[in-house]
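Read the structure below first, then the notes.
It should be emphasised that the depicted structure is a prediction, and the values quoted were computed from it without experimental measurement. Every chain is numbered from 1, with letters handed out A, B, ... down the list of sequences.
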2 protein chains.
Amino acid sequence: MADVGRLAEVSAQTVSRFFTGGYVGQETRARIEAAVAELGYRQNQVARNLRVQRTDTVGFLMMGPINYGNAEILTGVGRGARGSGMSVITTQLDLDTEEDAHSDVRAALDRFLSFQVDGIVVGTPYLGLGAVMEHVGGEVPVVTLSEQESSAVDFTHADSYNAGLTATRHLIELGHRRILHLAGPSDRNESGQREQGYRDAIAEAGLSPLDVLRCPEWDARSGAGHGARVDPSSFTGVFSANDEIAFGFSHALAARGFTAPRDYSIVGIDDMPDSLFRTPPLTTVRMDFQLLGETAIRMLLERIRTGERQPGVIIPAELVVRESTGEPRR
Amino acid sequence: MADVGRLAEVSAQTVSRFFTGGYVGQETRARIEAAVAELGYRQNQVARNLRVQRTDTVGFLMMGPINYGNAEILTGVGRGARGSGMSVITTQLDLDTEEDAHSDVRAALDRFLSFQVDGIVVGTPYLGLGAVMEHVGGEVPVVTLSEQESSAVDFTHADSYNAGLTATRHLIELGHRRILHLAGPSDRNESGQREQGYRDAIAEAGLSPLDVLRCPEWDARSGAGHGARVDPSSFTGVFSANDEIAFGFSHALAARGFTAPRDYSIVGIDDMPDSLFRTPPLTTVRMDFQLLGETAIRMLLERIRTGERQPGVIIPAELVVRESTGEPRR
DNA sequence: TAATCAAGGCCGACATCAGTT
DNA sequence: AAACTGATGTCGGCCTTGATT
């Protein structure tokens, strides 16, 4: 900056003003611009951050594999941040054991704080991380993508409960009475909400829930495992906690000669791009994960700006009926 | 740090030594540890970065949607960085037009430099970005995930050419003579390499290439578009530039009554997790994108450490034969 | 008076060097 | 001499204050 000042024949201080926006004369401005261009000068954000005690950077913590949902959320977070002139430091953790989870998450958040991020978005929160986030929320604004009753941490999340409700009701309306639920990982918040939606829909129709089949991961492999073992005569409808699990389940059943919608109906959640190109195209509940990510950033920036607690935002879920569901034939 | 020093009854300087590793007495160390714990003190990386002129941070630039490949690369980059105590600033750009591309990329890289990152990984490089990267490579180490003949920029990439060669040869060995190629976006490096592999395999077998069908994106929709229009009698084998495109193509053909491997054979590239759970499971060429990301980081760190140009690393591709390919029946 | 610019201090660490046991 | 500790200056910006036109 001193170099630029020398070349433009002004003080370094005036060059600083040139960047931050203050009184700089027309002519002086032009000379500085020329000098900046000639020297290829670029502000040193590190020095600036130190002085202004602000980094215009947010930390984004993601857990588990970068699957469709996480990728879309990241896209939304990135877009929202860039649109507001913020940068994003991303950390993705593969969490193997529950013990790892806490210390790894802790370490990742500490690193963010050490970087003096202006705020943190915690994607994919696991059950039992409330205390950790609570603590961090005391130091810097935090938005989490799940329900979190706390004044220190804001939240937004997709409407998993209604998604489960809607998906199950759809099957019930088609006439299904024995409806199976393929549930997501037990340590994930969304799993519980989707399952609760299923249970409530079943209950309100006066039906009985079948034993829930739990998937260790949100992936096709987990669904295929169940599809290979399940008794196909025990159900006519299937509500899968997400599309991937549904794909695996259907694939395994197809290998046993059972296909949708002829032998059973199946509905998923997410509406992955691929769901449209499956045979049959999958009925599912669409979630706008990009919007979710953008919303998280928007709320975070607002919290940073005003310091006020943000009302929780719930991103709606929308049923998309395709060809994997129909009336039961048995 | 001064606060910690006060509580531990030592100078701030000694606290600094405590963290950076230097002579600190046994007893003093214990007092500092206690003080740090009590105050919940955490180093200010921004100040540290300014002083040591190093940030232990790398920038990762990604272009286009965060699809399977990008997500895996990001996973690898993140893991490699975390394993070496580095942080990652991620920027993902949706590039709509070619003009946007250059200025957006430029802006994103400038931002990295302004942050004083220690190095940059440019994922998904587009054709024609060489000059920009070259320029940036003069200021800070850069690794790009494509071929780049330059002393300023190191590179690593998956073996797209051999993947194309292998996939096409596989079809030829099965007896196919009219082999169609569904090519990826024309502005992407990998597309060209995969297509060249196809052409060379066709040529070495003394066959004639069919007109290449170009996809505007790496997605199923693009493949489906071609699948809906193509003349099914014009080919017996299909080499698709990636799995997603293959899925869309097969889906559209299935709607017209043509299925693999009965009516035609199809092979993709990537080996997405889903490819195993398709009907039929897709024959494909596996690429280890996580390894690619880890390799990029490893090379970058080595370049940062030594300042020496790194030899380009090519990640091998491996044919995975499943049930979408077989001998031609016509 | 308003617009414009310069000088000095400070953000929070670490390197250096001097000083003590 | 070796182990340890403290004082000072510096990284590169921005803020405050005060001066000048």
Side-chain angles (χ1 to χ4, degrees), chain A residues 1-36 39-57 85-87 110-118 139-140 304, chain B residues 1-36 39-57 85-87 110-118 139-140 304:
Chain A
M1 209 161 220
D3 294 339
V4 175
R6 225 177 337 269
L7 186 59
E9 296 176 326
V10 295
S11 72
Q13 184 45 42
T14 300
V15 179
S16 169
R17 248 194 315 270
F18 168 81
F19 281 111
T20 42
Y23 291 133
V24 179
Q26 201 75 37
E27 196 182 316
T28 314
R29 181 175 299 276
R31 283 210 312 282
I32 295 177
E33 262 169 18
V36 166
L39 297 175
Y41 173 79
R42 195 177 291 118
Q43 269 183 303
N44 182 325
Q45 281 298 331
V46 175
R48 176 176 218 281
N49 292 343
L50 176 60
R51 184 59 180 91
V52 303
Q53 299 290 80
R54 189 163 46 77
T55 53
D56 293 332
T57 298
M86 308 287 288
S87 295
D110 269 346
R111 179 169 267 244
F112 285 157
L113 292 174
S114 190
F115 254 92
Q116 313 295 106
V117 295
D118 295 340
E139 301 200 39
V140 78
I304 290 170
Chain B
M1 210 164 221
D3 294 337
V4 175
R6 228 179 332 271
L7 185 59
E9 296 177 326
V10 294
S11 72
Q13 183 47 41
T14 300
V15 179
S16 169
R17 250 193 309 270
F18 169 82
F19 280 110
T20 42
Y23 290 131
V24 178
Q26 201 75 41
E27 197 183 315
T28 313
R29 181 174 300 274
R31 284 210 311 281
I32 294 177
E33 261 170 18
V36 166
L39 296 176
Y41 172 79
R42 194 177 292 117
Q43 268 182 304
N44 182 325
Q45 280 298 331
V46 175
R48 175 175 221 282
N49 292 344
L50 177 60
R51 185 60 180 90
V52 304
Q53 299 290 81
R54 188 165 45 78
T55 54
D56 294 331
T57 298
M86 307 287 288
S87 294
D110 269 345
R111 178 168 270 244
F112 285 157
L113 292 174
S114 189
F115 253 92
Q116 313 293 108
V117 295
D118 295 339
E139 301 201 39
V140 76
I304 290 170

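Comparing C/dA3, D/dG13, D/dG12 by their closest approach to the side chain of A/Leu50 singles out D/dG12. Relative to the side chain of A/Val24, the nucleotides D/dG6, D/dA3, C/dC5 differ in distance, and C/dC5 lies closest.
If you check every strand for non-hydrogen atoms under 4.0 Å, B/Gln13 touches a base. Nucleic acid contact for B/Ser16: base, since at least one base atom lies under 4.0 Å from a heavy atom of the residue. Within the nucleic acid shown, B/Phe18 has no heavy atom closer than 4.0 Å to any nucleic acid atom. Residue contacts shown for B/Val46 are absent, as no nucleic acid heavy atom lies under 4.0 Å away.
When rounded to the nearest whole Å, the span between CD of A/Gln43 and C1' of D/dC14 equals 10 Å. Separating the CG atom of B/Asn44 from the C1' atom of D/dC11 is a distance of 13 Å, rounded to the nearest angstrom. One can place CG of B/Asp56 at 16 Å from P of C/dA13, the figure rounded to the nearest angstrom. If you take CZ of B/Arg54 and P of D/dT10, they are 21 Å apart, rounded to a whole angstrom. Protein atom CZ of A/Arg48 is 17 Å distant from nucleotide atom C1' of D/dC11, rounded to whole Å. Atom CG of B/Asn49 is separated from atom C1' of D/dG13 by 14 Å (rounded to the nearest Å). Between the OH atom of A/Tyr23 and the P atom of D/dC15 there is a distance of 15 Å, given to the nearest Å. Regarding A/Arg29, its CZ atom lies at a distance of 14 Å from the P atom of C/dA3, rounded to whole Å.
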Item to complete: Evaluate side-chain hydrogen bond (donor to acceptor under 3.5 Å, both in side chains) for A/Ser114 paired with A/Arg111, printing each intermediate quantity in order.
Response: CA-CA 5 Å; A/Ser114 190; A/Arg111 179 169 267 244; over 6 Å; no

Discussion item. Apply side-chain contact (heavy atoms from CB on, under 4.5 Å) to residues A/Gln53 and A/Gln116 and explain how you reach the verdict.
Written reply: CA-CA 8 Å; A/Gln53 299 290 80; A/Gln116 313 295 106; 5.7 Å; no

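Regarding contacts with the backbone of C/dT4, every side-chain N or O of A/Thr28 stays at 4.0 angstrom or more from both OP1 and OP2. At the phosphate of D/dG12, OP1 or OP2 sits under 4.0 Å from a side-chain N or O atom of B/Gln53. Proximity of B/Thr14 to the phosphate of D/dG6: a side-chain N or O atom is located under 4.0 Å from OP1 or OP2.
The distance between the ring centers of B/Phe18 and B/Tyr23 does not fall below 6.0 angstrom.
Residue B/Glu33 qualifies as enclosed at atom CD: its count of foreign heavy atoms under 6.0 Å is above 12.
Contact annotation: side chain of B/Gln45 to base of C/dA13, donor-acceptor pair absent below 3.5 Å. Put simply, the side chain of A/Arg51 and the base of C/dC11 share no donor and acceptor less than 3.5 Å apart. Side-chain atoms of A/Arg17 and base atoms of D/dG13 include no donor and acceptor less than 3.5 Å apart.
Toward the 5' end of DNA chain D, the nearer of the two residues B/Ala12 and A/Val15, judged by each one's closest nucleotide, is B/Ala12.
Checking B/Thr28 against B/Arg31 by side-chain atom types alone, no donor-acceptor pair falls below 3.5 Å.
Each of B/Asn44, B/Asp118, B/Thr55 was scored for a side-chain contact (heavy atoms from CB on, under 4.5 Å) with B/Asn49, with one residue passing: B/Thr55.
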